[in-house]
S.K.: 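My structure is below; once you've seen it, I'll send some questions.
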Number of protein chains: 2
Amino acid sequence: MHNGVMQTSGTELVVVLEQLVTFIRQVSTAGDLSATASAALHRLGRDGALGVTELAQAQRASQPGMTQLVTRMEREGLVRRTAKTDDRRTVLVEATEAGLELLNRRRAERAEALQQTLDRLDPEDQAAIAAALPALARLVESRSSD
Amino acid sequence: MHNGVMQTSGTELVVVLEQLVTFIRQVSTAGDLSATASAALHRLGRDGALGVTELAQAQRASQPGMTQLVTRMEREGLVRRTAKTDDRRTVLVEATEAGLELLNRRRAERAEALQQTLDRLDPEDQAAIAAALPALARLVESRSSD
DNA sequence: CCATTATGCATAACATCCTTATGAATGCAC
DNA sequence: GTGCATTCATAAGGATGTTATGCATAATGG
C-alpha cells in the first residue's frame, strides 16, 4: 500500500455500513423480533441482568415501552423478571436460555450469509477485511465506553 | 491460532457489525424517518425512480405498506409520484431534492460521529480500516447484485 | 375482438409496537 | 414521620406495519 497518510474516511465507511445494515436486517429473520427487541436481548446477553429503566436508557427507548417489551419477551420465554434483593422497586431482567439460544441462532444466520459473500471475494480482499477486524473491534469498543 | 491461513470469519465480522449497526441507528436522527423509510429513500437515491411494488419487494415490505409509506413521504415532500408513460397501472416513485438532501444530512451525521471515533484509534488501526474499505465496498457490491 | 386472467396500486380493517401522562410502591433525606 | 426521588406498571393514543379486497389497466387466448 502507500507509505503516506492513509486517511480513514468516516463517510466512505458509513456508505458501506449503510448497505451492510440493510443486508443484515434482511437476513436475520429467526424469532421475529423487533429492532428494539433484538437490541435489548443482545444487551442482556452481553451484560447480564439489568433493570427496566437501565435497559430502556441503553436502547434510547421510553421506560413504559421497555416495560411492555419485557412483558412481551417474557411471555415468549426469552427473558425473565427477577427481584433485586436490596431494592424492591427494581425489577431485574435477564435473558433465559431460550433467549440466548435465539440470539445465537440469529447471529448464525447473519454470519452464514456474510460468510457466503465473503467467500466470493478475492483472497486479497478477504485478507484486507480479516486484517481490519481487530481495528474495527477496537472502534466499537472505544465507542461503547462513553 | 491453530492454522496459518488468514481466515476471514463471518462470525467475527457479524459481531462487530452488530454493534456498528446499533451505533449508526442511534446517531441518525435528522428527519425522523422509520427504518423502512430510510432504506426506501436510500434506494431511490441510488437507483432513481422505481414502481411501488418494486420498491416494496426491495425492502421486504408489503405493497400496501409501501403505498402508505410513499404517501407519507410524499406529504413530507421527500418523494414524488410520477406516471409511467407506457404502463398506466404503474406509479413511479422518485426522490425529490429535499429527499436527497435529507439523505445527505443523515449520512453526514453518521459520518461525523464515526469520524470522531475513528480519529481516536491508533494510526495502525486507522490504516487497517482504510485498507479494508475497498474490500468492504466490493463485499456489499457483490451482495446487492443478486 | 372480446372474455379471461394477470398485474399494479389504493383502500379498509386490524395488529404491533412505540409514545406521553399518570399512578402505586419503595427508598432516601431531613 | 413527612416529603421528595426513584422505579416499574398501566392507560390512552399515535405511528407504522400487516392481510384482505377492490378497481383500473394490461396481457393472453380462443
Side-chain angles (χ1 to χ4, degrees), chain A residues 22 25-26 28-44 47-94 99 102, chain B residues 22 25-26 28-44 47-94 99 102:
Chain A
T22 57
R25 241 172 46 94
Q26 291 174 349
S28 312
T29 59
D32 198 35
L33 296 180
S34 75
T36 310
S38 170
L41 192 54
H42 193 265
R43 178 86 180 210
L44 291 175
D47 296 351
L50 291 173
V52 171
T53 298
E54 225 171 347
L55 196 52
Q57 287 169 349
Q59 305 311 133
R60 264 81 163 163
S62 67
Q63 172 268 311
M66 188 52 69
T67 288
Q68 292 171 341
L69 176 59
V70 166
T71 301
R72 288 196 300 275
M73 292 200 295
E74 191 176 34
R75 189 160 51 228
E76 290 167 20
L78 302 176
V79 302
R80 181 173 30 237
R81 275 186 237 245
T82 64
K84 189 172 185 182
T85 53
D86 59 337
D87 185 344
R88 288 190 298 177
R89 293 171 303 181
T90 302
V91 170
L92 288 178
V93 184
E94 61 182 345
L102 177 57
Chain B
T22 54
R25 250 173 39 97
Q26 291 175 349
S28 311
T29 57
D32 198 35
L33 295 179
S34 75
T36 309
S38 170
L41 193 53
H42 193 265
R43 178 86 181 209
L44 291 175
D47 296 352
L50 290 174
V52 170
T53 299
E54 225 172 346
L55 196 52
Q57 287 169 348
Q59 305 309 134
R60 263 81 164 165
S62 66
Q63 172 267 311
M66 188 52 68
T67 288
Q68 293 172 338
L69 176 59
V70 167
T71 300
R72 287 195 301 274
M73 292 200 294
E74 191 176 33
R75 189 161 48 228
E76 291 167 17
L78 302 176
V79 302
R80 179 172 33 235
R81 276 185 236 245
T82 64
K84 189 173 185 182
T85 53
D86 59 335
D87 185 344
R88 288 191 298 177
R89 294 171 303 183
T90 301
V91 170
L92 288 179
V93 184
E94 61 183 347
L102 177 57

S.K.: Which heavy-atom pair separates B:R43 from B:L55 by the least distance, and what is that distance?
M.R.: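 Closest approach of B:R43 to B:L55, heavy atoms only: CG-CD1, 4.1 Å.
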S.K.: Mind running side-chain contact (heavy atoms from CB on, under 4.5 Å) on A:E94 and A:T82 for me, showing each step along the way?
M.R.: CA-CA 8 Å; A:E94 61 182 345; A:T82 64; 3.4 Å; yes
S.K.: Please give me the minimum heavy-atom distance between B:A56 and B:Q63, naming the atom from each residue.
M.R.: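 Nearest heavy atoms, B:A56 then B:Q63: CB-CA, 3.9 Å.
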S.K.: Whole angstroms only, please: what is the CG-P distance between A:L33 and C:dT16?
M.R.: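 Rounded to whole Å, this separation is 15 Å.
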S.K.: Pull out every residue in residues 73-80 of chain B that has a heavy atom closer than 4.0 Å to any atom of DNA chain C, ordered by number, or say none.
M.R.: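 Residues of residues 73-80 of chain B under 4.0 Å from DNA chain C: none.
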S.K.: List, with names and distances, any nitrogen or oxygen atoms from the protein found under 3.5 Å away from nitrogen or oxygen atoms belonging to nucleotides 1-3 of chain C.
M.R.:
none

S.K.: Would you classify A:A61 as touching base, sugar-phosphate or nothing, given that sugar-phosphate means primed atoms plus P, OP1 and OP2, and contacts are heavy atoms under 4.0 Å?
M.R.: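 Sugar-phosphate, no base atom in range.
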S.K.: Does A:S34 offer a backbone N or O that forms a donor-acceptor pair with the side chain of A:S38 under 3.5 Å?
M.R.: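 Flag not set: sc A:S38 to bb A:S34 has no pair under 3.5 Å.
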S.K.: For the atom pair CG (A:L41) and CG (A:L78), what is the distance rounded to the nearest 0.5 Å?
M.R.: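 Between atom CG of A:L41 and atom CG of A:L78 there are 6.0 Å.
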S.K.: If I compare all heavy atoms of A:M66 with all of A:V52, which pair ends up nearest, and what's the gap?
M.R.: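 Shortest heavy-atom contact: CG-O, 3.6 Å.
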S.K.: I need the residues from residues 49-57 of chain A with at least one non-hydrogen atom less than 4.0 Å from DNA chain D; give them sorted by number, or say none.
M.R.: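 Hits under 4.0 Å, by residue number: A:G51, A:V52, A:T53.
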S.K.: So, B:Q57 and B:T53: side-chain donor and acceptor under 3.5 Å apart, yes or no?
M.R.: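 Absent: no donor and acceptor within the cut-off.
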S.K.: How would you summarise protein contacts on nucleotides 20-30 of chain C per nucleotide, using B for base, S for sugar-phosphate only and - for none, with heavy-atom distances below 4.0 Å?
M.R.: BB----BS---
S.K.: With a strict under 4.0 Å distance from non-hydrogen atoms of chain B, what nucleotide opens and what nucleotide closes the contacted stretch of DNA chain D, reading 5' to 3'?
M.R.: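 Footprint of chain B along DNA chain D, 5' to 3': D:dT16 to D:dA26.
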S.K.: Nearest 0.5 Å, what's the OG1-CZ distance between A:T29 and B:R60?
M.R.: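 So the gap between those two atoms works out to 10.5 Å.
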S.K.: Compare all side-chain heavy atoms of B:V91 with those of B:V70 and state whether any distance is below 4.5 angstrom.
M.R.: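 Result no, sub-4.5 Å side-chain heavy-atom pair not found.
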S.K.: Locate the shortest heavy-atom distance separating A:L69 from A:A40; write the atom from each residue and the value.
M.R.: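 For A:L69 and A:A40, the tightest heavy-atom pair comes out as CD2-CB, 4.3 Å.
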S.K.: Just N and O in the side chain of A:T36: are any of them under 4.0 Å from OP1 or OP2 of C:dC18?
M.R.: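 So the side chain of A:T36 is within the cut-off, an N or O lying under 4.0 Å from OP1 or OP2 of C:dC18.
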S.K.: Hey, could you give me the CZ/OG1 distance between B:R72 and B:T67, rounded to the nearest 0.5 Å?
M.R.: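 Reported value, rounded in 0.5 Å steps: 11.0 Å.
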S.K.: How many angstroms lie between CG in B:L92 and CD in B:E54, if you round to the nearest 0.5 Å?
M.R.: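 These two atoms lie 8.0 Å from each other.
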S.K.: Rounded to the nearest 0.5 Å, what separation is found between the CD atom of B:E76 and the CG atom of B:D32?
M.R.: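 Going from CD on B:E76 over to CG on B:D32, the span is 8.0 Å.
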S.K.: Taking atom CG of A:L50 and atom CD of A:Q59, what is their separation to the nearest 0.5 Å?
M.R.: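 Between atom CG of A:L50 and atom CD of A:Q59 there are 9.0 Å.
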S.K.: Using side-chain hydrogen bond (donor to acceptor under 3.5 Å, both in side chains) as the criterion, list what pairs up with B:E74, not counting sequence neighbours.
M.R.: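 So B:E74 forms a side-chain hydrogen bond (donor to acceptor under 3.5 Å, both in side chains) with B:R81.
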